[in-house]
Every structure is written in C-alpha cells, then in structure tokens.
Amino acid sequence: MAGVSESPFRRLCRRFGAGVVVTEFLSAEGIRRENEATLAKLRFGSDERPIGVQIFGSDPVAMGEAARLVTDVFQPEFIDINFGCPVKKVVKRNGGSGCLKDLDLVQTIIRSVSAGTHLPVTVKIRSGWNEEQRDPVAIALRCEDAGARALALHPRTRTQMYSGHAHWDEIAAVAQALEIPVIGNGDIKTPEDAVRMHRETGCDAIMIARGSFGQPWIFDQTRDLLDGRPKRPDPDVETRFAVAIEHAQMAADYEVDPRGAAIEFRKHLGWYVKGLPGSADLRRQLHAVNSLDEVAGIFESYLENRGAESREPEIESDLEAVAV
Ligand SMILES: Cc1cc2nc3c(=O)[nH]c(=O)nc-3n(C[C@H](O)[C@H](O)[C@H](O)COP(=O)(O)O)c2cc1C
C-alpha cells in the first residue's frame with residue numbers, strides 16, 4: 001500500500017506471520033528512468049522475502065523495461081502488475097485500474113512484463129472500470145490467458161473507489177473460473193473475516209490491506225484460525241507500544257530526513273493506539289511529533305497516567321481511612 005507498506009512495515013508484517021508481502025506500487029517510468037525516489041522504494045531486506053515488486057503504467061515497453069531492471073538489480077520473488085489503483089493521477093494516464101477499460105492493453109502489458117523477466121508475473125485487478133463494464137471473470141480470464149501466474153481481485157470497480165462493500169461472490173466466481181491461484185482481497189478487518197472469505201469464496205490465498213494498519217499481528221492470528229488453532233490474543237498495551245516503537249525506530253533508520261520520517265509516521269502511531277482508553281488525547285499528542293524520539297516518552301506518560309488512574313480508588317480509600 002502506497003505510503004504504508006514501506007520496508008519497515010513489510011518486515012514487521014512478515015515477522016507477524018504474513019506469508020508474502022508486496023511493495024507499494026511503483027511507476028514503471030520512474031524505474032526505467034532510474035528516478036532516485038522510486039529506486040529508494042525498491043530497497044528491501046532479506047527478512048522481507050518472499051516479496052513481490054508491484055509496478056504500474058500503461059506503456060507496455062516501459063513496463064517490460066521496468067520488469068527487467070527490477071529483476072536484474074533487486075531480484076524479488078515475483079513481479080506484480082497493478083491494474084487496480086483508482087487514484088485520478090494514475091488513471092488519467094491509463095495506469096492502474098485505467099487499463100481495465102482496454103483489455104487488449106492489459107494483455108499486451110502482461111506479455112511485455114513477462115518477456116522482460118524470468119520471474120513469475122502476477123496481477124492485481126478490480127472488478128472493472130465501472131458498473132457497466134463490471135466483469136471480473138472476463139478480465140481475470142484475459143489476464144490468465146496472457147500469462148499471469150496468480151491473480152489478486154479487489155472486487156470493487158474503479159468508480160466505487162473504496163465505497164460500498166467488496167463483492168466476495170466475485171472472488172468465488174473468479175476462483176472457480178481460473179486455473180491459476182486466486183488471491184481474495186477486500187474488507188477483511190478481523191482474522192474471522194479472513195476465515196469467512198476463505199470458506200465462502202474458495203480462494204487460494206488472502207490479501208489483507210487496511211486490516212493490518214496498527215495491528216500487523218493480524219497475520220499470525222489469521223494463520224492460527226486457518227490452521228484450526230485457537231487465535232492468539234491481541235497483544236497487551238505495553239506490547240503494542242513496544243511494536244510501535246520498534247516500527248518507529250526502523251522507519252527512522254530507513255528514512256534520510258528525520259523530521260519527514262516523523263511526520264510520515266504519525267499515521268501509523270494513530271493506528272497503533274486506536275481503541276485504547278483515552279486514545280483521542282494520546283492520538284493528538286502523537287500526531288504532533290516532530291521527531292520519533294518523542295514517541296517513547298508519550299507512551300511512557302500514558303502508561304504512568306493510566307497506572308495512576310487505576311490506583312486512584314485505592315488512594316481515595318487510603319485517604320478516607322486516614323480521615324476516619
Ligand atoms: C492507503 C492505501 C494505499 C494503497 N496502495 C496500494 C498499492 O500501492 N497497490 C495496490 O495494489 N493496492 C493498494 N491499495 C489497495 C489495497 O491493496 C486493497 O486492495 C484495498 O485496500 C482493499 O483491501 P482492504 O479492504 O483489505 O483494505 C491501497 C489501499 C490503501 C488504503
């Protein structure tokens with residue numbers, strides 16, 4: 001996920017049980033022109049493997065060249081093509097889900113990328129451009145026919161963006177129609193949702209996106225349930241904070257500009273504390289950090305005050321005892 005699943009978060013997700021991770025979507029033009037910022041996002045550690053590099057673009061030649069460079073220089077386990085991104089800036093140039101308006105183009109891109117790499121080429125699609133063109137099975141079959149080795153479906157159209165709900169029945173239909181592995185995606189908020197998707201759709205794998213924000217342990221918990229074990233409990237607050245601090249440290253080491261790193265990281269901090277008692281105030285403090293060094297202190301004072309709150313009744317009764 002752009003702006004979220006950077007190297008530090010991917011490493012955490014792998015450690016917490018994600019079977020496979022994928023980079024943020026990266027522009028084929030940026031890769032081909034060796035744009036510094038794009039190449040920086042291609043860096044990953046060995047502890048992230050197996051990893052896919054996701055590329056996007058509407059020019060088949062650029063896509064093929066980008067695949068070649070990524071293969072030669074970065075050697076991920078696979079190359080994934082993004083045909084799902086709904087963002088205006090991207091679809092304006094027919095990238096991402098913009099390609100879904102032209103299935104010949106989709107196939108040409110898959111063939112060109114496959115010609116540029118010996119690695120497996122996978123695709124991520126939406127159900128179509130809009131309601132009129134909604135036909136995930138036809139799109140998926142065209143992808144398979146062009147050589148895609150696995151397909152992830154987010155069953156919304158581009159015009160839906162993130163509204164409404166993901167149509168899991170479309171995942172089931174695509175899984176039924178295709179020979180290649182089908183990865184179901186969309187609206188998994190809990191490990192139980194993942195089990196339900198697996199049962200209802202018969203998909204071969206499950207992709208969790210927003211459900212991992214601030215809770216990378218969702219992967220271990222999901223694996224527990226899928227393997228028929230009781231789900232391990234959510235980590236306690238202290239452990240949550242320790243993971244957030246470790247993530248912040250990795251982000252600080254990863255980014256060159258410390259203040260920029262802190263500002264970028266604020267969203268993760270907000271997600272890590274979501275749902276905690278008094279989290280609105282905590283979030284306000286975390287959303288104001290200008291250095292990741294501030295984070296540990298904010299967590300410490302939250303834990304101390306929380307301790308004081310829970311001790312308050314005792315103190316009061318002590319005072320009462322004195323007064324008596
Ligand atoms: C902030 C954000 C960034 C995303 N970036 C990407 C991306 O770079 N590549 C991609 O294939 N999907 C991207 N997605 C879409 C997700 O991968 C996923 O398809 C979608 O969020 C639905 O799954 P979910 O309900 O589990 O979040 C992004 C989603 C969000 C919210």
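Ligands are counted one by one from 1 in listed order, and the atoms in each one are counted from 1 as well.
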Quick check for students: name every N or O atom pair between ligand 1 and the protein closer than 3.5 Å, with distances.
from     : atom 1 : to   : atom 2 : distance (Å)
ligand 1 : 5 (N)  : A2   : N      : 2.9
ligand 1 : 8 (O)  : A2   : N      : 3.4
ligand 1 : 8 (O)  : F25  : N      : 3.1
ligand 1 : 9 (N)  : Q54  : OE1    : 2.7
ligand 1 : 9 (N)  : N82  : ND2    : 3.3
ligand 1 : 11 (O) : Q54  : OE1    : 3.3
ligand 1 : 11 (O) : Q54  : NE2    : 2.8
ligand 1 : 11 (O) : N82  : ND2    : 3.4
ligand 1 : 11 (O) : K124 : NZ     : 2.8
ligand 1 : 12 (N) : K124 : NZ     : 3.0
ligand 1 : 17 (O) : K124 : NZ     : 3.1
ligand 1 : 19 (O) : K124 : NZ     : 3.0
ligand 1 : 19 (O) : N185 : OD1    : 2.6
ligand 1 : 23 (O) : N185 : ND2    : 3.0
ligand 1 : 25 (O) : D187 : N      : 2.6
ligand 1 : 25 (O) : R210 : NH2    : 2.9
ligand 1 : 26 (O) : A209 : N      : 3.0
ligand 1 : 27 (O) : R210 : N      : 2.9
ligand 1 : 27 (O) : R210 : NE     : 2.7

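- Paired with F213 under the rule ring-ring contact (aromatic ring centres under 6.0 Å, His included), one option of Y272, F9, W271 passes, and it is W271.
- Screening K41, R43, E6, R10 against T23 for a side chain to side chain contact (heavy atoms under 4.5 Å, CB included) leaves a single residue, R10.
- At distances below 3.5 Å, at least one donor-acceptor pair connects side-chain atoms of E48 with backbone N or O atoms of G45.
- Salt bridge absent: R11 and E246 never bring a charged side-chain N and a carboxylate O closer than 4.0 Å.
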**Request:** Could you check R93 against E29 for salt bridge (charged side-chain N to carboxylate O under 4.0 Å, His left out), going step by step and ending with a plain yes or no?
**Result:** CA-CA 12 Å; R93 300 201 192 114; E29 285 296 345; over 6 Å; no

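- R232 contributes no side-chain N or O that, together with a main-chain N or O of Q221, makes up a donor-acceptor pair within less than 3.5 Å.
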